[in-house]
Structures are given as C-alpha cells and as structure tokens.
Trainee: 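If you scroll down you'll find the structure; I have some questions about it.
Proteins come first, then strands; the chains are lettered A, B, ... in the order of their sequence lines, and each starts at number 1.
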Protein chains: 2
Amino acid sequence: MFKLSKKADYGLIAMKHLANHRQQHACSASEIAEDYGISSMLMAKVLQKLAKQNLVVAKHGSSGGYQLAKEPAKISALEVITAIDGPVLITSCVTSHGNCDATDRCSIKEPLQRVNESILGVLGTVTIAQLSEERQEASLVELKGMDQLALSR
Amino acid sequence: MFKLSKKADYGLIAMKHLANHRQQHACSASEIAEDYGISSMLMAKVLQKLAKQNLVVAKHGSSGGYQLAKEPAKISALEVITAIDGPVLITSCVTSHGNCDATDRCSIKEPLQRVNESILGVLGTVTIAQLSEERQEASLVELKGMDQLALSR
DNA sequence: TCTATTTCAGACTATTTCAGTCGTACTCTA
DNA sequence: TAGAGTACGACTGAAATAGTCTGAAATAGA
C-alpha cells in the first residue's frame with residue numbers, strides 16, 4: 001500500500017517521547033513501551049535501530065536508557081523513518097540498481113522519481129520538535145500553508 | 001515500508017499507455033501487458049479495477065479493449081492509486097474508525113494526518129498527462145519548483 | 001447464428017514482507 | 001559482582017501482495 005510500517009510509527013512515538021523528556025534522566029525502552037502499551041521487546045528493537053543511526057544515544061547499565069542525540073528541531077521525520085525502514089522509495093524501479101526488468105519500457109519511472117522527491121521533501125520538513133509541541137499554532141499554520149501550495153496548482 | 005504496490009505501478013503504466021494511444025482504437029489488456037512485459041492476466045485485473053472506478057471505459061467483444069474515460073489532464077495519479085490500492089493512509093491510526101488501540105496515548109496521530117494530507121496533495125497534483133508528455137519543460141519545471149518549496153523551510 | 005476475441009468476476013495459490021518473540025551476549029552503574 | 005539495561009541475530013506465525021486459473025457474458029464479424 002502506502003503506509004508507514006508500525007515500527008516506523010513506534011519510532012516516531014519514541015522520538016517524541018524522548019523529546020518531551022529531554023531534561024530528565026534517560027528513558028528505558030520498557031518505560032516508553034509501557035506508556036503507549038507496546039511490547040517492550042519491540043520498542044527496544046526499534047530504539048536499537050535509531051541508536052545505530054545516531055538519532056538517539058544509548059546508555060547502558062542500571063538506570064540506563066535512551067536520549068536524543070540532537071535537538072528535536074534538528075531531527076526530521078524522514079530521518080527516523082529511513083533509520084527504521086530504510087530509504088523511502090515510492091517505486092521499486094526508482095532505486096539505482098535497475099531491478100526494474102522493463103527499464104527502457106517502464107516509462108513511468110522518471111516522473112515518479114520526481115514525485116518521490118516531493119514526498120521526501122514533505123517528510124524532511126517535519127521535525128520531531130513539531131510533532132512534540134502539543135498544538136502550537138505556528139507550526140500548524142506553516143504546515144497548512146504547505147498543503148495549500150501543493151494543492152493549488 | 002512506503003512504496004506503491006506493483007499493481008498501482010502497473011495501473012499508472014497502463015493509464016499512460018492509454019493516454020498515448022487515445023486517438024486510436026481501444027487497447028486490450030494483453031496488448032498493453034506485452035508492451036511492458038507484464039503478465040496479461042495481471043494487467044487485466046488492474047484494468048478491471050480502474051474500470052470499476054470509472055477511470056477507463058471497457059469495450060467488450062472482439063477488437064474490444066480499454067480507453068480513458070476522461071482527458072489525461074483531468075486524471076490525477078492519486079485517483080489511479082486509490083482506485084487500485086484503496087485510500088492512501090500514511091498510518092493505520094489515521095483512519096476514522098479508531099483501530100489504533102492507543103487512541104489517547106498515541107499522540108503522534110494528529111500531526112501525521114497533516115503530513116498525510118500533504119502527500120495526498122502532491123499525488124493529486126500529478127496528472128496522467130504530465131506522466132505521458134515525454135519531457136516537456138513546463139511540467140518538469142513546475143514540479144521542480146514544488147520540490148524546492150517543500151524542502152526550503 | 002456461429003465463432004473468435006475480449007472483458008468480467010471471483011476463487012485460489014504462492015510468495016514475500018512484517019510484526020513480534022526469544023535467547024544469549026555484552027556493558028554499564030551502584 | 002549483581003542487577004538493570006542495551007545489542008543483535010535467529011526464529012515463527014500472520015498478514016498482505018503478487019499472480020494464476022476458471023467459467024462466464026458481451027461483442028464484432030463471417
């Protein structure tokens with residue numbers, strides 16, 4: 001279809017949680033998992049992937065856990081999603097190694113790549129900070145403005 | 001992940017093909033399928049779905065086939081994709097019936113919905129006509145401009 | 001009216017992907 | 001050094017997807 005994987009969802013939730021608890025101690029995977037009613041095993045897995053991409057920092061040992069590696073405003077949703085699910089590719093053709101068996105015939109590839117970039121742009125624009133600020137007018141208006149632009153012509 | 005299904009791909013390819021052969025006779029499913037090296041059974045299935053949503057018109061009988069129901073410029077990629085894969089929903093939470101079992105806790109839903117709308121906007125902007133015009137400067141520039149807008153801030 | 005061609009519809013199978021679990025090893029801190 | 005935590009890969013079951021098959025109805029032309 002055209003959906004985020006659940007893991008990516010969880011990743012975004014976790015990032016938001018960490019953003020809201022920046023000042024405090026590191027949050028353990030199970031702590032976050034409990035807050036949202038998700039299996040702690042699974043949340044741990046998601047956080048591991050985020051840690052591998054240096055989006056969060058892991059702190060071992062007792063009273064350990066995870067913390068954001070950067071400021072929430074400097075982490076985009078796109079980064080989180082790609083960290084977990086790999087690169088965002090709208091079609092399988094789009095990738096560089098031509099696994100599209102109709103390379104020359106599949107004439108739709110090139111324009112779709114452009115669409116893909118647009119979507120990357122949208123996802124890249126949204127930051128964790130925007131997700132976590134509860135419903136501050138500024139960001140919502142900004143996003144809304146963008147919608148209209150995209151729709152306008 | 002975050003990909004179009006192959007069927008949606010095929011759908012777009014078929015629509016483009018039909019757009020390029022508008023003036024001529026109706027194209028049969030197997031004719032299109034052969035052109036792109038896809039199983040004709042599968043292509044038929046895809047076209048059936050498109051016909052059900054009134055994006056193409058089917059003509060039964062010998063020398064029958066499919067034709068576009070509207071002008072290529074009036075059909076968006078979004079229409080084609082939703083016709084085949086159903087509504088585009090970035091998260092499973094986003095749907096109206098709350099199948100997100102953490103409705104009140106999953107605080108990420110609301111901002112993601114906004115992102116979803118942006119993506120719908122992008123897909124709704126791209127028309128079959130734009131896909132089929134080989135590489136006419138105008139449309140490319142327009143799309144490029146949109147990318148930059150989305151990326152800029 | 002007969003036949004060939006083509007769409008239509010839905011059931012069916014196979015394959016791939018995804019979600020989630022488990023087990024074990026490693027790393028800190030108290 | 002014990003307990004709390006991360007790290008990582010293998011594994012399983014379920015669900016979505018891709019693709020096939022069959023039998024029917026519609027149409028054009030001989």
Side-chain angles (χ1 to χ4, degrees), chain A residues 1-11 13-14 18 25-34 36-67 69 81 83-86 89 91-92 99-102, chain B residues 1-11 13-14 18 25-34 36-67 69 81 84-89 91-93 99-102:
Chain A
M1 270 245 233
F2 205 77
K3 225 185 321 192
L4 288 177
S5 70
K6 277 198 182 178
K7 288 183 187 175
D9 257 356
Y10 296 161
I13 290 174
L18 291 178
H25 62 94
C27 302
S28 76
S30 43
E31 180 188 332
I32 304 177
E34 261 180 45
Y36 301 94
I38 301 166
S39 140
S40 62
M41 294 278 205
L42 188 51
M43 180 54 86
K45 198 153 197 149
V46 168
L47 283 163
Q48 278 166 36
K49 284 202 174 181
L50 293 176
K52 217 168 191 175
Q53 304 297 319
N54 300 316
L55 293 175
V56 299
V57 188
K59 210 172 145 193
H60 282 228
S62 59
S63 80
Y66 293 91
Q67 279 180 315
I81 294 169
I84 295 175
D85 283 343
L89 297 170
T91 58
S92 25
N99 63 348
C100 182
D101 42 343
Chain B
M1 270 245 235
F2 206 77
K3 228 187 317 193
L4 288 177
S5 68
K6 277 196 184 180
K7 287 184 187 175
D9 257 355
Y10 296 159
I13 290 174
L18 291 178
H25 62 96
C27 301
S28 76
S30 44
E31 179 188 332
I32 303 177
E34 259 179 49
Y36 301 94
I38 302 168
S39 141
S40 62
M41 294 280 203
L42 189 50
M43 180 54 88
K45 196 137 211 166
V46 168
L47 283 163
Q48 277 167 35
K49 284 202 174 182
L50 292 176
K52 217 168 195 176
Q53 304 296 321
N54 300 315
L55 292 175
V56 300
V57 189
K59 211 173 147 195
H60 282 230
S62 59
S63 79
Y66 294 92
Q67 280 181 314
I81 294 169
I84 295 176
D85 282 343
V88 171
L89 297 171
T91 58
S92 23
C93 305
N99 63 347
C100 182
D101 42 344

Trainee: Can you list everything that forms a side-chain contact (heavy atoms from CB on, under 4.5 Å) with Ser30(A)? Sequence neighbours excluded, please.
Mentor: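 If we apply the side-chain contact (heavy atoms from CB on, under 4.5 Å) test to Ser30(A), skipping adjacent residues, the hits are Ser28(A), Ser40(A).
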Trainee: Can you tell me how far the CZ atom of Phe2(A) sits from the CG atom of Asp85(B), to the nearest 0.5 Å?
Mentor: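 So the CZ of Phe2(A) and the CG of Asp85(B) are separated by 9.5 Å.
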Trainee: Would you list the atom pairs, donor with acceptor, under 3.5 Å between side chains in residues 45-54 of chain A and any protein atom, with sequence neighbours excluded?
Mentor:
from	atom 1	to	atom 2	distance (Å)
Lys49(A)	NZ	Ile84(A)	O	3.4

Trainee: How close do Tyr66(A) and Ala58(A) get, heavy atom to heavy atom, and via which atoms?
Mentor: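 In this case the closest contact between Tyr66(A) and Ala58(A) is CE2-CB, 3.7 Å.
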Trainee: Distance under 4.0 Å to a non-hydrogen atom of chain B counts as contact; along DNA chain C, which nucleotides mark the start and end?
Mentor: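 Both ends considered, the range comes out as dT5(C) to dC18(C).
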Trainee: Could you give the distance from CD (Glu34(B)) to CE (Met43(B)), rounded to the nearest 0.5 Å?
Mentor: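 Reported to 0.5 Å precision, the distance equals 11.5 Å.
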Trainee: Between His60(B) and His60(A), name the one whose nearest nucleotide on DNA chain C is closer to the 5' end.
Mentor: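 Final value for this comparison: His60(B).
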Trainee: Kindly state which residues belonging to residues 41-50 of chain A come within less than 4.0 angstrom of DNA chain D, counting heavy atoms of the residue only, listed by number.
Mentor: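 Residues of residues 41-50 of chain A that come under 4.0 Å of DNA chain D are, in numerical order, Lys45(A), Gln48(A).
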Trainee: Going by the rule side-chain contact (heavy atoms from CB on, under 4.5 Å), which residues pair with Ser62(B) if we only count those two or more places apart in sequence or in a different chain?
Mentor: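 For Ser62(B) there are no side-chain contact (heavy atoms from CB on, under 4.5 Å) partners, ignoring immediate neighbours.
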Trainee: Which two nucleotides bound the region of DNA chain D that has atoms under 4.0 Å from heavy atoms of chain A, read 5' to 3'?
Mentor: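 Endpoints of the contacted stretch of DNA chain D: dG3(D) to dT17(D).
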Trainee: Rounded to the nearest 0.5 Å, what separation is found between the CG atom of Leu18(A) and the CD atom of Gln67(A)?
Mentor: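 Atom-to-atom, Leu18(A):CG and Gln67(A):CD are 8.0 Å apart.
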Trainee: Which atom names give the shortest non-hydrogen contact between Ala29(A) and Ala44(A), and what distance separates them?
Mentor: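 For Ala29(A) versus Ala44(A), the nearest heavy atoms are CB-CA, 3.7 Å.
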Trainee: Let me spell it out: for each of Ser62(A) and Ala29(A), pick the nucleotide of DNA chain D with the closest heavy atom. Which residue's pick is nearer the 5' end?
Mentor: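 Comparing both residues, the 5'-ward one is Ser62(A).
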